[in-house]
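Single-structure report; data block below.
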2 protein chains.
Amino acid sequence: MKVQVLYSGGKDSSLAAILLEPFFDVELVTCTFGLERSWENAREAARELGFPFKLVRLGPEIVDESIDVMLKFGYPRPGINLVHRRALETVAVSREAKYLADGTRRDDRAPMLTAPEVRSLEDAHDVRYIRPLAGYGRRAVDDLVARHLVIVEGDTAALAKADYEAEVRSALRARLGDDVYRRIFPPEHTQSRVLRRNRT
Amino acid sequence: MKVQVLYSGGKDSSLAAILLEPFFDVELVTCTFGLERSWENAREAARELGFPFKLVRLGPEIVDESIDVMLKFGYPRPGINLVHRRALETVAVSREAKYLADGTRRDDRAPMLTAPEVRSLEDAHDVRYIRPLAGYGRRAVDDLVARHLVIVEGDTAALAKADYEAEVRSALRARLGDDVYRRIFPPEHTQSRVLRRNRT
C-alpha cells in the first residue's frame, strides 16, 4: 500500500512519514512553484531518513490565486489553506498512490482542509487522505519528535524547509512590496529542519 | 513510552492499538460498570492480539449521569459522549501512563470529545490523549483492518464487544422500560469483533 506524504523536511511531515512507515510504502513528495530552491533541503532530509523522494511542480496560477485570497481576507490563513489544498489535489491527480498524507496536527489551524474539502478531495480523485498526526497534540508530537528525529532550529535561511507557503510569501512581497507584505504576514516564527533519525 | 488504549475488542480500538504498537508500549484497558460480562470478549481479543490487558471498573454514578443526559436530550449521543469522557478520566486518574488513547475515527460523531474537553482532560491529569485513527476516514480504516485483523461480524450477543455504552443501554431499558428505550435508541447496528491478527 503506497502512500505519498506531502513533505517539507520539517519535523511534522517527517514524523507523519515515520508513523506511516510500518504500515505503508512511503514516498515523500515535495511541492514547489520553482521560485526558490529550498526543496533541496527536503530532498536531503528525505535521503537522511531513507525514504524515496519526489519533486512535484505546482502551477504558477496557484500563486496568483493564493495571493488574491490573502489580499481579499487581509490575513494569510485562507491563502495558505488554498495552496495546501491545491498541492494535495495536484499530487492526487497523478493517481500514483491510493493514499495521500500530510503532517498537519490536531491543533493546527493552517494549513487545514474543512471536512467537505476532504470529502471532495477523496471522491474527486478516488484517493484516501490520511493525517497521521491529526490525533496528536503538541506535547505528544514533541515527545515523538525528540525520540525519533534529530532536528536543528533557528531562523536563518540555511534552515529553510521546502515551503510552498514561503514561496507564496516571497512572491507577494516581490509583487506588492514590503508594506503590503508586513500588513498581511506576522513575523516569521522559528524554523526547524530535520537532520536525521535519532538512533540513540 | 507506555500508552493505555481504551479497548472494546472491536476493530477500531484494535486497529488503534496496532498503529501505536511500533512506537509505544501498549496496554489495552477495558472499562465496565460490572453489569454485563462482555468485557471477557475484549480480554480474549487482547490475548489473541498479544497485548497486555487491564480491566477498569467505572463508578455506578456514571450510569445514572449518562441516563439523565440521554433523557434530557431525548437521544443517546450526549450520554454516550459523557460515558466515554468519564471512562477516559477514570483511566487518566490512575496516572499509570503518560499517554491515553482510543479508537475514535475521523468521521465519528460519538463518542467524541470536544476540543475544550480534550484540553481539560490533558491538563487536569497531565496526560497526552492520542487518537491514532483521527486522521483516517472509513475507507482507509477498512483497508487497514482487512490487512491486519481477522474479524467476525453479525448481530448475535455472542459477538458483543466490551461496550460500556451497551451496559448503559441495558440499564436504561431495565429501569425505564422498552418504550422509553426504543424512543431514545435507534435499532442496534451490526457488531464486529476482532478474532485475531491477519498473518497472511
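Chain naming here is simple, since letters A, B, ... match the order of the sequence lines and numbering starts at 1 in each.
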Original post:
Distance from A:Met1 atom CE to B:Asp143 atom CG, nearest 0.5 Å?
Top reply: 6.0 Å
**OP:** May I have the step-by-step check of side chain to side chain contact (heavy atoms under 4.5 Å, CB included) for B:Arg139 and A:Asp126, ending in yes or no?
**Re:** CA-CA 11 Å; B:Arg139 290 183 303 174; A:Asp126 195 27; 3.6 Å; yes
Subject >> Atom CZ of A:Arg147 with >12 non-hydrogen neighbours under 6.0 angstrom >> reply: no
**OP:** Spell out, yes or no, whether A:Met112 and A:Val91 are grouped together once hydrophobic residues are joined by side-chain heavy atoms under 4.5 Å, including indirect joins.
**Re:** no
Original post:
With a 4.5 angstrom heavy-atom cut-off, which part of A:Arg106 approaches chain B: side chain, backbone, both or neither?
Top reply: side chain
Original post:
Tell me, side chain or backbone of A:Glu122 under 4.5 Å from chain B's heavy atoms, or both, or neither?
Top reply: both
**OP:** Kindly work out whether a path of hydrophobic side-chain contacts (I/L/V/M/F/W/Y, heavy atoms less than 4.5 Å apart) joins B:Val56 to B:Val93.
**Re:** no
**OP:** Below 4.5 Å from any heavy atom of chain B, which atoms of A:Arg138 appear? Answer side chain, backbone, both or neither.
**Re:** neither
Subject >> B:Val141, part contacting chain A, at a heavy-atom distance under 4.5 Å >> reply: neither
**OP:** With a 4.5 angstrom heavy-atom cut-off, could you sort out which part of A:Val3 is near chain B: side chain, backbone, both or neither?
**Re:** neither
Original post:
Distance from A:Tyr136 atom OH to B:Tyr99 atom OH, nearest 0.5 Å?
Top reply: 10.0 Å
Original post:
To the nearest 0.5 Å, what is the distance between CZ (B:Arg128) and CG (A:Leu144)?
Top reply: 10.0 Å
Original post:
Parallel under 30°, tilted from 30 to 60°, perpendicular over 60°: which one fits the rings of A:His148 and B:Phe23?
Top reply: perpendicular
Subject >> Which atom of A:Pro22 lies closest to which atom of B:Pro22, heavy atoms considered >> reply: CG-CG, 3.7 Å
Subject >> Side chain, backbone, both or neither of A:Leu20 within contact of chain B (heavy atoms, under 4.5 Å) >> reply: side chain
Original post:
In terms of heavy-atom contacts, does CZ of A:Arg95 have more than 12 from other residues, nucleotides or ligands at under 6.0 Å?
Top reply: yes
